[in-house]
Amino acid sequence: MPAYESEGGDRAGRRQIVLSLLFLILAATTLYLPGHVQEEVASSLRSSVLYPFIATQRAVADTRIRATRMEELQAQLDSAVASVSAHRTLAHENRQLRSLLGLREIAGPAFVPATVVRPGTRGSESMLLLNVGSADGVAVNDPVVSAEGLVGIVREVRGRSAIAMDWTHPDFRVSGMAVDGEVFGIVEPRRGSFREEDRLMLSGTPFHAELADSSLVVTSGRGSVYPRGITVGRVHSLAEAEAGWRKSYWILPAVRPASVTHVLVMTDSEAESPDDVLHLFTEEEAVDEEGEDSEIGGEEGAGEGGGGAEGDSQSESEDVGGGG
Amino acid sequence: MKGSWRFWGVVATLPILHFFIHVGLGFSAWSPDLLTVALLLGARELRMGAAAGLGFFFGLMEDAFSVLAFGANTMAMTIVGLVGARSRDLFMGDSLLFLISYLALGKWVRDLLHWLVSAQDIRAPALEMLLFDAPTQAIYAALAGALLILLVGAWREPIR
C-alpha cells in the first residue's frame with residue numbers, strides 16, 4: 001500500500017493538478033462537441049469496449065423470445081400459415097388485375113422486425129438500441145412503430161445495429177392530424193413530473209377547429225419522414241388556446257416506450273416509399289374497439305388477447321389522465 | 001487490504017458488473033450504480049490526475065448510451081473522481097459508517113452534477129431529483145457497494 005502523502009505543493013502535486021485540469025477541460029469539451037462527433041465517439045465505444053454487454057443483452061433477449069409459450073406460438077403459426085395461404089392467392093390475383101389495368105406496382109412498406117435493447121444508464125432514457133441495421137435495409141429517419149402506433153425514429157445506423165430515439169426525446173417532432181384529415185398540427189413531447197407522465201402535445205391546430213376528446217391522432221405524412229396514418233395517440237383534453245389564433249391539445253400516446261420490447265422499423269427499401277399506412281393502424285383500432293364493445297357487453301371469453309391489451313391501455317389512460 | 005490486488009480486483013470488476021447488469025441483463029431500474037462506487041473507491045487510492053482520468057473514462061463509457069446529454073456523465077464523473085482523490089486531505093475514516101457515508105455522498109454529488117450539467121429541458125424536476133431520486137439511489141448504491149466490498153473481503157483496513 002503506498003504511503004499516504006498530500007498532493008499539494010511539490011512538483012508531482014503540480015503535475016497532478018495540471019493532469020486533472022486537462023481531464024476537466026476534456027470532459028467539458030465533450031459537452032460542446034458537434035452532434036455527429038458525439039455520435040461517432042459513442043458509436044466507437046459501443047462497438048468496441050461496450051460491445052460484449054450489448055451482445056449479452058441481445059442474447060438474453062433472444063433467449064426470452066425462445067422461452068415464450070410454445071403452444072401460443074404454434075397456434076399463431078397455424079393462423080399465420082392459413083392467412084398467408086389466402087394472402088398468396090389474393091396477391092397473385094391482385095398482380096394479375098394490376099397488369100390488366102396497366103398500373104405500376106405499388107410496393108407497401110417493408111417492415112423489419114427488431115428487438116429493443118435499453119441501456120438503462122443515466123441519460124439514455126429516450127434511446128433504443130435495435131438489433132437491425134443497414135444490412136437489413138434500415139436507414140436513418142426510418143420510423144419505428146409497434147402494433148399500437150408510433151414509437152420513434154431511427155437516428156443512427158450501423159451494419160447490424162441501429163439507434164433510435166423514442167417520442168419522449170425533446171427533439172422529437174412529427175406532423176400529426178386528426179384521423180379524418182380535418183385538423184393538422186405538430187406533435188411534440190412534454191415532460192411530466194415523472195417520466196411515466198411524459199405526454200404528447202398536438203400544437204398549432206387552427207383555433208376554429210375542435211377536436212373531440214378521445215379522437216384519434218395519426219401522422220399526416222407531411223415532411224416525408226413519417227408516412228401518413230401511423231397512430232400517434234388520442235386527444236385527452238385541450239391544453240391551451242392562444243386568443244383567436246390556435247389551440248393545443250394533450251395527446252395520450254398510443255405507445256409507452258418503456259414497455260416496448262419488440263418493434264418494427266418501416267423501411268422504404270421496396271420500389272416505392274410507403275406514403276399511406278392508415279389502413280394498417282386503423283384496422284387495428286377497429287378490432288380493438290370491437291373487443292371493447294364485446295367486453296362491455298359482458299361476453300366472457302370473447303377476444304382474450306384483444307381484451308387484455310385493451311385493459312392495459314385503459315389503465316394506462318387512467319394513469320396519465322390522473323397525472324394531468 | 002486497501003491497495004492490494006483484491007481491492008483493485010473489486011474496483012475493476014464493479015464497472016464490468018455495472019454494465020453487465022444495466023446493459024447486458026437490462027435490469028436498469030432496480031440495480032445500483034456500481035460504476036460510481038468503483039470510481040469512488042478507486043479515487044481514494046489514486047492520485048488526483050489519475051482519479052480524474054478514471055472518472056473521465058467511466059463517464060465516457062456511460063455517455064456512449066446517452067442521447068439526451070452526451071458529456072454530462074463524463075463531466076460529472078471526472079469531477080467526482082477528482083474530488084474523491086482530494087477528499088483524502090479532508091476526511092479520513094476507518095469505520096463502515098464512513099465508507100457508506102462516503103459512497104452515498106459521492107453518488108449524490110455525481111447525480112447532482114449530472115443534473116446541473118444536463119440541458120434544462122431534459123432535467124427532472126429539482127425537488128424530485130435532489131430530495132427523492134438522488135438520495136434514494138445514493139443510499140442504495142452505497143449499501144450495495146459496501147456489501148460487495150465486505151463480502152469479497154476487500155476492505156479490512158481503514159479507508160484513507
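Every chain is numbered from 1 and lettered A, B, ... according to where its sequence line falls, protein lines coming before strand lines.
Neither the backbone nor the side chain of Leu35(B) comes within contact range of chain A; no heavy atom of the residue lies under 4.5 Å from a heavy atom of that chain. Contact annotation for Met165(A): neither backbone nor side-chain heavy atoms come within less than 4.5 Å of a heavy atom of chain B.
Listed options Leu26(A), Thr29(A), Thr30(A) were ranked by heavy-atom pairs under 4.5 angstrom with chain B; first place goes to Thr30(A). Annotation: maximal heavy-atom pairing with chain A below 4.5 Å, among Leu127(B), Val117(B), Asp111(B), occurs at Asp111(B). Comparing Asp33(B), Asp63(B), Thr78(B) by heavy-atom pairs within less than 4.5 Å of chain A, the highest count is held by Thr78(B). Counting heavy-atom pairs closer than 4.5 Å to chain B, the top-ranked of the candidates Gln38(A), Glu156(A), Glu39(A) is Gln38(A). Per-residue heavy-atom pair counts under 4.5 Å with chain B were compared for Leu129(A), Thr56(A), Leu50(A), and the maximum is reached by Leu50(A).
Counting heavy atoms from C-beta on, the side chains of Val49(A) and Met61(B) come closer than 4.5 Å. Side-chain contact between Phe56(B) and Leu22(A) is absent, with no heavy atoms from C-beta onward closer than 4.5 Å. The closest side-chain heavy-atom distance from Leu19(A) to Arg47(B) is not below 4.5 Å. In this structure, the side chains of Leu82(B) and Phe23(A) stay at 4.5 Å or more apart for every pair of heavy atoms. In this structure the side chain of Leu31(A) never reaches within 4.5 angstrom of the side chain of Phe70(B), judged on heavy atoms.
Rounding to the nearest 0.5 angstrom, the gap separating the CZ atom in Arg86(B) from the CD atom in Gln16(A) is 10.5 Å. Separating the CD atom in Glu62(B) from the CG atom in Leu45(A) is a distance of 12.0 Å, to the nearest 0.5 Å. Note that CD of Gln57(A) is 10.5 Å distant from CZ of Phe20(B), once rounded to the nearest 0.5 Å.
Looking at Arg46(A), its side chain does come within 3.5 Å of a backbone N or O of Ala64(B) through a donor-acceptor pair.
Taking each heavy atom of Ser20(A) and Ala52(B) in turn, the nearest pair found is CA-CB, 4.1 Å.
Paired with Phe53(A) under the rule side chain to side chain contact (heavy atoms under 4.5 Å, CB included), one option of Val23(B), Leu25(B), Ile21(B) passes, and it is Val23(B).
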